[in-house]
Amino acid sequence: MKNKKSYVYIGLPVLGMIFYLAYIRRSAIDMVYSDYIRLINSYLPDVWDPEKFFVPDLLTRIPVNFLERAVNVELFGYSVTFDRVLGVLGFGLSALILGAYSRKMRIRAGWFTAMMVFMFSLNKWEMLYNGTGWAHFLAFAGFYYHYLVMDRLWTGDEKTGDRKLLVILPFAITILTAGPYCAVYSVVVMMAYGFMAILDYRKTKRLEKTYLLYALCTLAALLLYMWSNSLTVEDHAAAAEVGLFTQLAQTPGFFVRFILISFSSMVVGIEEAIAAFKGNIVPFAILGFLVIAAYLYALYLNFRYRLYEKSMVPLILIVSGGLNHVLILLSRWIFLVDDYGASSRYALQFQAGIFGIILTFALCRNEMVVKKMARGKYRIFSAAVVSFCLLFLAGNAYTTYHELKKAPDRKETFEIRAQMALNFEEMTDEELRDGFEYRRTRPESGAQVREALTILKDNGWGVFRPNK
């Protein structure tokens with residue numbers, strides 16, 4: 001019976017991957033658009049050109065993409081579908097890593113099922129069929145694996161080679177796959193090592209230098225990335241004309257709305273919310289406050305019952321999710337759009353916090369059962385966690401249901417785009433810019449779309465492949 005239960009921790013991630021692949025098949029076709037235009041113009045047709053690889057800001061360009069792009073061109077004629085499948089596999093790897101952790105910590109199947117329902121929600125629809133983000137899914141699998149290895153060291157369950165991994169992983173993840181996502185990852189890992197060192201010192205009255213070494217490795221990898229990033233030419237078309245603090249003084253309400261809508265997006269997708277709430281900010285605010293309350297309650301439980309002594313992972317995930325909300329606010333306020341932080345492209349970053357909350361509830365319940373807590377406290381805890389979990393699951397089920405209904409319309413848009421591509425020489429620059437959703441505010445964008453499609457046509461790639 002025990003072995004049968006363990007299949008849940010592998011079976012659900014596999015089912016989730018199958019569901020995502022089915023969604024992609026239902027909602028998209030093998031057609032470039034948006035970010036692909038920039039990538040084609042930057043790196044194709046000669047994907048083996050060293051001058052395109054050895055650039056000053058190489059470490060910010062997610063080097064694993066160079067190899068994947070070459071394989072894609074040589075074997076698949078530059079297929080968007082290939083990128084999308086890799087993204088789903090990377091996402092499934094995250095789920096399997098969380099499954100391995102849940103099995104190790106004896107997280108019950110019900111809690112893990114709740115996590116998987118949330119994890120494979122379609123609140124990430126945009127990243128799923130925009131295949132350029134495949135490496136981001138892989139990066140988050142790397143983050144979760146790093147947290148798991150750290151936790152094994154902390155709990156005394158380390159395996160052979162774990163200490164070497166803790167030196168290597170920050171460089172491999174930060175430099176090869178993470179891109180800008182490395183910021184919160186690196187900060188959270190260093191904070192975790194610092195917290196571990198403090199807790200260990202309080203017990204032993206001796207400073208554990210190993211934690212300092214691993215933290216320095218993480219810092220070194222981050223500094224390498226920051227150095228490379230300093231050589232990058234920024235290209236943002238921001239609406240803001242003043243600095244952060246000036247804008248904050250002028251429009252404090254904007255920042256409050258931004259962060260509340262950002263948190264609310266973990267319950268219901270922004271498109272569904274806009275349609276349901278009809279421009280009313282109150283439901284956004286209520287949902288945002290409830291999600292923040294879930295964060296605070298989970299933090300309280302972690303410290304009240306010292307859950308971090310048994311496992312550091314839930315606390316790391318909670319802090320990671322919270323800091324990602326802050327990072328998006330600090331980096332995206334410049335567009336002066338209230339719901340910018342609720343875009344589906346950020347759900348990948350935010351969901352870590354929800355995983356941490358659910359894992360906290362699961363571990364805390366185990367602790368309460370073991371310690372036979374007072375019935376009154378247990379009832380309050382049960383009511384709170386059931387309410388929060390139902391909120392997350394109901395909202396994401398609603399989002400997924402509506403996204404599945406929209407999928408055929410999204411696919412039709414791709415089919416129209418494919419016809420535009422085949423006849424691009426007869427289209428105007430404005431039509432190409434709008435049809436391929438590429439930097440619509442830039443007058444030169446249409447010409448860049450034309451250039452990218454010309455490269456594909458000349459090489460018989462993508463929609464121009466002979467077998468299409």
Side-chain angles (χ1 to χ4, degrees), residues 20-53 55 61-90 125-137 345 407-440 442-468:
Y20 267 0
L21 291 172
Y23 167 74
I24 289 172
R25 181 179 177 84
R26 178 179 170 84
S27 65
I29 64 173
D30 197 346
M31 183 66 224
V32 301
Y33 80 113
S34 187
D35 292 342
Y36 274 99
I37 304 304
R38 175 182 58 82
L39 296 176
I40 292 168
N41 291 334
S42 298
Y43 302 109
L44 272 59
D46 188 1
V47 291
W48 299 107
D49 185 355
E51 291 185 2
K52 293 180 178 179
F53 181 78
V55 292
R61 299 198 181 194
I62 312 181
V64 71
N65 272 325
F66 288 88
L67 175 61
E68 184 275 340
R69 192 177 298 118
V71 171
N72 194 351
V73 165
E74 297 293 345
L75 299 183
F76 302 101
Y78 203 59
S79 167
V80 176
T81 299
F82 177 66
D83 292 346
R84 291 170 180 150
V85 171
L86 285 182
V88 172
L89 292 176
W125 63 268
E126 188 176 359
M127 290 194 73
L128 280 172
Y129 66 61
N130 186 343
T132 60
W134 76 271
H136 302 322
F137 291 99
R345 71 177 70 101
D409 293 333
R410 299 197 190 281
K411 188 170 186 175
E412 184 179 353
T413 300
F414 274 102
E415 291 169 345
I416 293 171
R417 195 173 286 140
Q419 288 302 313
M420 291 180 66
L422 293 172
N423 300 289
F424 77 93
E425 292 166 329
E426 303 171 10
M427 311 288 294
T428 66
D429 284 356
E430 290 75 16
E431 288 172 328
L432 292 175
R433 178 195 63 202
D434 294 341
F436 286 81
E437 298 180 15
Y438 186 64
R439 298 181 174 181
R440 294 175 178 174
R442 308 289 181 88
E444 71 277 11
S445 297
Q448 291 171 346
V449 174
R450 189 180 305 278
E451 179 185 353
L453 293 175
T454 300
I455 291 172
L456 294 180
K457 182 178 180 180
D458 290 346
N459 291 276
W461 293 332
V463 73
F464 301 100
R465 288 200 301 273
N467 60 345
K468 278 287 185 181

> About how many Å separate CD of Gln419 and CE of Met427, when rounded to the nearest 0.5 Å?
Replying inline: 10.5 Å
> Shortest non-hydrogen contact from Gly460 to Pro466?
Replying inline: O-CD, 3.9 Å
> Hey, are the side chains of Phe424 and Thr454 touching, using non-hydrogen atoms and a 4.5 Å cut-off?
Replying inline: yes
> Is any side-chain heavy atom of Arg417 less than 4.5 Å from a side-chain heavy atom of Ile29?
Replying inline: no
> Are the side chain of Lys411 and the backbone of Arg25 linked by a donor-acceptor contact shorter than 3.5 Å?
Replying inline: yes
> For the side chain of Asn41 and the backbone of Ala452, is there at least one donor-acceptor N/O pair under 3.5 Å apart?
Replying inline: yes
> Is the count of non-hydrogen atoms from other residues, nucleotides or ligands lying under 6.0 Å from Arg26 atom CZ greater than 12?
Replying inline: yes
> Considering all heavy atoms of both residues, which atom of Lys52 and which atom of Val55 are nearest to each other, and what is their separation?
Replying inline: O-CG1, 3.8 Å
>> Within this structure, what is the CG-CG distance for the pair Leu44 and Asn72, rounded to the nearest 0.5 Å?
In response: 9.0 Å
> Yes or no on side chain to side chain donor-acceptor pair (under 3.5 Å) for Asn459 and Tyr78, after CA distance, side-chain angles and deciding distance?
Replying inline: CA-CA 10 Å; Asn459 291 276; Tyr78 203 59; over 6 Å; no
> Can you tell which of Val32, Asp35, Val449 makes a side-chain contact (heavy atoms from CB on, under 4.5 Å) with Tyr438?
Replying inline: Val449
> Can we call the ring centroids of Phe66 and Tyr43 under 6.0 Å apart?
Replying inline: yes
> Testing Asn65, Val85, Ile62 for side-chain contact (heavy atoms from CB on, under 4.5 Å) with Trp134, which one passes?
Replying inline: Asn65
> About how many Å separate OG of Ser445 and CD of Glu430, when rounded to the nearest 0.5 Å?
Replying inline: 10.5 Å
>> Are Asn130 and Ser34 packed together at the side-chain level, in the sense that at least one heavy-atom pair is separated by less than 4.5 angstrom?
In response: yes
>> Taking the cut-offs as 6.0 angstrom to the six-membered ring centre and 45 degrees off its axis, would you call Arg84 and Phe414 a cation-pi pair?
In response: yes
>> Quick check: closest heavy atoms across Trp461 and Pro45, and the distance to 0.1 Å?
In response: CH2-O, 3.5 Å
> Got Tyr36 and Phe436 here, is their nearest side-chain heavy-atom distance under 4.5 Å?
Replying inline: no
> How many angstroms lie between atom CD1 of Ile40 and atom CG of Leu456, to the nearest 0.5 angstrom?
Replying inline: 4.0 Å
> Nearest 0.5 Å, what's the OH-CG distance between Tyr20 and Leu89?
Replying inline: 13.5 Å
>> How long is the straight-line distance from CZ of Arg61 back to OG of Ser42, given to the nearest 0.5 Å?
In response: 6.5 Å
>> Between Tyr33 and Met420, is there a side-chain heavy-atom distance shorter than 4.5 Å?
In response: no
> If every non-hydrogen atom of Ala421 is compared with every non-hydrogen atom of Phe464, which pair is closest and at what distance?
Replying inline: O-CZ, 3.3 Å
> Does the side chain of Thr132 come within less than 4.5 Å of Arg38's, by heavy atoms?
Replying inline: no
>> Using every non-hydrogen atom in the two residues, find where Ala70 and Val47 come nearest and quote the distance to one decimal.
In response: CA-CG2, 3.8 Å
>> Let's go through Arg450 and Asp429 carefully: what are the C-alpha distance in whole Å and the side-chain angles of both, what is the deciding distance for side-chain contact (heavy atoms from CB on, under 4.5 Å) to 0.1 Å, and is it a yes or a no?
In response: CA-CA 7 Å; Arg450 189 180 305 278; Asp429 284 356; 2.8 Å; yes
> Any idea which heavy atoms bring Val64 and Ala135 closest together, and the distance?
Replying inline: CG1-CB, 4.2 Å
> If we only count heavy atoms from C-beta on, is the Leu453 to Glu425 side-chain gap below 4.5 Å?
Replying inline: no
